[in-house]
Amino acid sequence: LATLGFLALAAMCPGAGLALAQDDALISNVFVETDLRQALEDVSAQSGINIIADQSVQGVITVGLQNVTVEEALDLLLAGTGYLVEKNDTYFLVYSADETSDGFADVADTRVVRVRNLPGATARSLLPAVMQRYVKVDDASDTLVVTAPPDLSRRILADLAMIDVPAETNVEFLPLHSRCEIGAEI
């Protein structure tokens with residue numbers, strides 16, 4: 001009877017099936033020197049949730065999964081690989097954050113930021129090197145264009161907000177006590 005209720009709900013609300021399957025599906029598996037794409041397919045099959053990997057996804061992984069959700073499984077499978085996950089209504093997309101990969105334009109956000117307190121080139125240079133490649137500078141207007149996957153884009157924008165602050169003018173006066181009396185030891 002519960003299965004019939006789930007099927008009826010899934011038929012009325014197509015997106016509900018993913019949410020319910022995600023909440024219920026716990027993944028347990030051991031991957032030793034396993035092709036990453038194969039591991040993703042195994043997690044997809046075990047959970048009943050579509051996991052799509054773009055063409056750039058490759059590598060070999062070793063990881064044990066014990067009663068973890070699909071999202072936790074993906075985090076563990078992709079840890080240290082540089083690949084990211086985008087959750088959609090009916091599937092997960094695993095992709096490369098490399099701006100030269102085929103699917104980058106499909107997942108990247110573009111934001112325009114105008115820096116006010118320092119030159120755009122300086123603001124960009126103060127970002128970590130790994131982030132700089134996602135930031136272009138228009139020197140004429142001190143405008144930065146950030147094109148990156150959503151999580152990375154938010155991190156770059158937060159870092160730029162910390163960097164682009166007014167310079168503080170701190171003047172500290174130090175008293176000079178340089179009186180020398182004749183005959184006093186220095």
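Nothing fancy with the numbering, it's 1 onward along the sequence. Note that the coordinates shown come from a computational prediction; the quantities given were computed from them, not determined experimentally.
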Polar side-chain atom of N88 near backbone of T90 as donor-acceptor pair, under 3.5 Å
no
Measuring from atom CZ of R111 to atom CZ of R154, what distance do you get when rounded to the nearest 0.5 angstrom?
7.5 Å
Between L26 and T69, is there a side-chain heavy-atom distance shorter than 4.5 Å?
yes
Considering all heavy atoms of both residues, which atom of P149 and which atom of Y134 are nearest to each other, and what is their separation?
CD-CE2, 4.4 Å
So NZ of K87 and CD1 of I49: to nearest 0.5 Å the spacing works out to 8.5 Å
A side-chain contact here means heavy atoms from C-beta on lying under 4.5 Å apart; do T143 and V112 qualify?
yes
To check you understand the geometry: which heavy-atom pair defines the closest contact between I27 and Q46, and what is its length?
CG2-OE1, 3.5 Å
Counting distance only, does the side-chain N/O of S56 pair as donor-acceptor with the main-chain N or O of S101 below 3.5 Å?
no
Using residues 156-165 as the side-chain source, report each donor-acceptor pair under 3.5 Å to any protein atom, sequence neighbours left out, with the distance given to one decimal.
residue: D159; atom: OD1; partner: R155; partner atom: NE; Å: 3.2
residue: D159; atom: OD2; partner: R155; partner atom: NE; Å: 3.3
residue: D164; atom: OD1; partner: R116; partner atom: N; Å: 3.3
residue: D164; atom: OD1; partner: N117; partner atom: N; Å: 2.8
residue: D164; atom: OD1; partner: N117; partner atom: ND2; Å: 3.4
residue: D164; atom: OD2; partner: R116; partner atom: N; Å: 2.9

Kindly determine whether L118 and L126 satisfy side chain to side chain contact (heavy atoms under 4.5 Å, CB included), including the steps that lead there.
CA-CA 11 Å; L118 64 159; L126 293 172; 4.0 Å; yes
What is the distance from atom CG of L127 to atom CZ of R133, rounded to the nearest 0.5 Å?
13.0 Å
Nearest heavy-atom contact between Y95 and L93 is CD2-O, 3.7 Å
Decide side chain to side chain contact (heavy atoms under 4.5 Å, CB included) for L84 and D151; before the verdict, give the C-alpha distance in whole Å, the side-chain angles of both, and the deciding distance to 0.1 Å.
CA-CA 9 Å; L84 301 174; D151 289 342; over 6 Å; no
Please identify each residue that fulfils side-chain hydrogen bond (donor to acceptor under 3.5 Å, both in side chains) with D42, with sequence neighbours left out.
Q38
Please assess F31 against L65 for the test side chain to side chain contact (heavy atoms under 4.5 Å, CB included), listing each intermediate value before the final yes or no.
CA-CA 8 Å; F31 301 103; L65 307 175; 3.7 Å; yes
Under the 3.5 angstrom rule, does the side chain of R114 hit a backbone N or O of L144 as a donor-acceptor pair?
no
Do L76 and V30 belong to the same hydrophobic cluster, where Ile, Leu, Val, Met, Phe, Trp and Tyr are linked whenever their side-chain heavy atoms lie under 4.5 Å apart, directly or via other members?
no
To check you understand the geometry: which heavy-atom pair defines the closest contact between I61 and A39, and what is its length?
CD1-CB, 3.9 Å
Can you name the closest pair of heavy atoms from L40 and A53 and give their distance?
CD1-CB, 4.0 Å
Side-chain donor-acceptor pair present, S153, D109, cut-off under 3.5 Å
no
To the nearest 0.5 Å, what is the distance between CG (L152) and CE (M131)?
6.0 Å
Side-chain contact, heavy-atom cut-off 4.5 Å: Q58 with Y83?
yes
Quick one: does any side-chain atom of T34 pair with a main-chain N or O of V32 as donor and acceptor, under 3.5 Å?
yes
Could you tell me if D138 and S141 have a donor-acceptor pair between their side chains, going purely by distance under 3.5 Å?
yes
Hey, does V85 have a side-chain heavy atom less than 4.5 Å from the side chain of L78?
yes
Answer whether the closest heavy-atom distance between the side chains of E99 and T147 falls below 4.5 Å.
no
Check F92 against V70 and note the closest heavy-atom contact, atom names and distance.
CE1-CG1, 3.7 Å
For a side chain to side chain contact (heavy atoms under 4.5 Å, CB included) check, start with the C-alpha distance between V60 and L36, then their side-chain angles and the critical distance, and finish with the verdict.
CA-CA 5 Å; V60 175; L36 177 57; over 6 Å; no
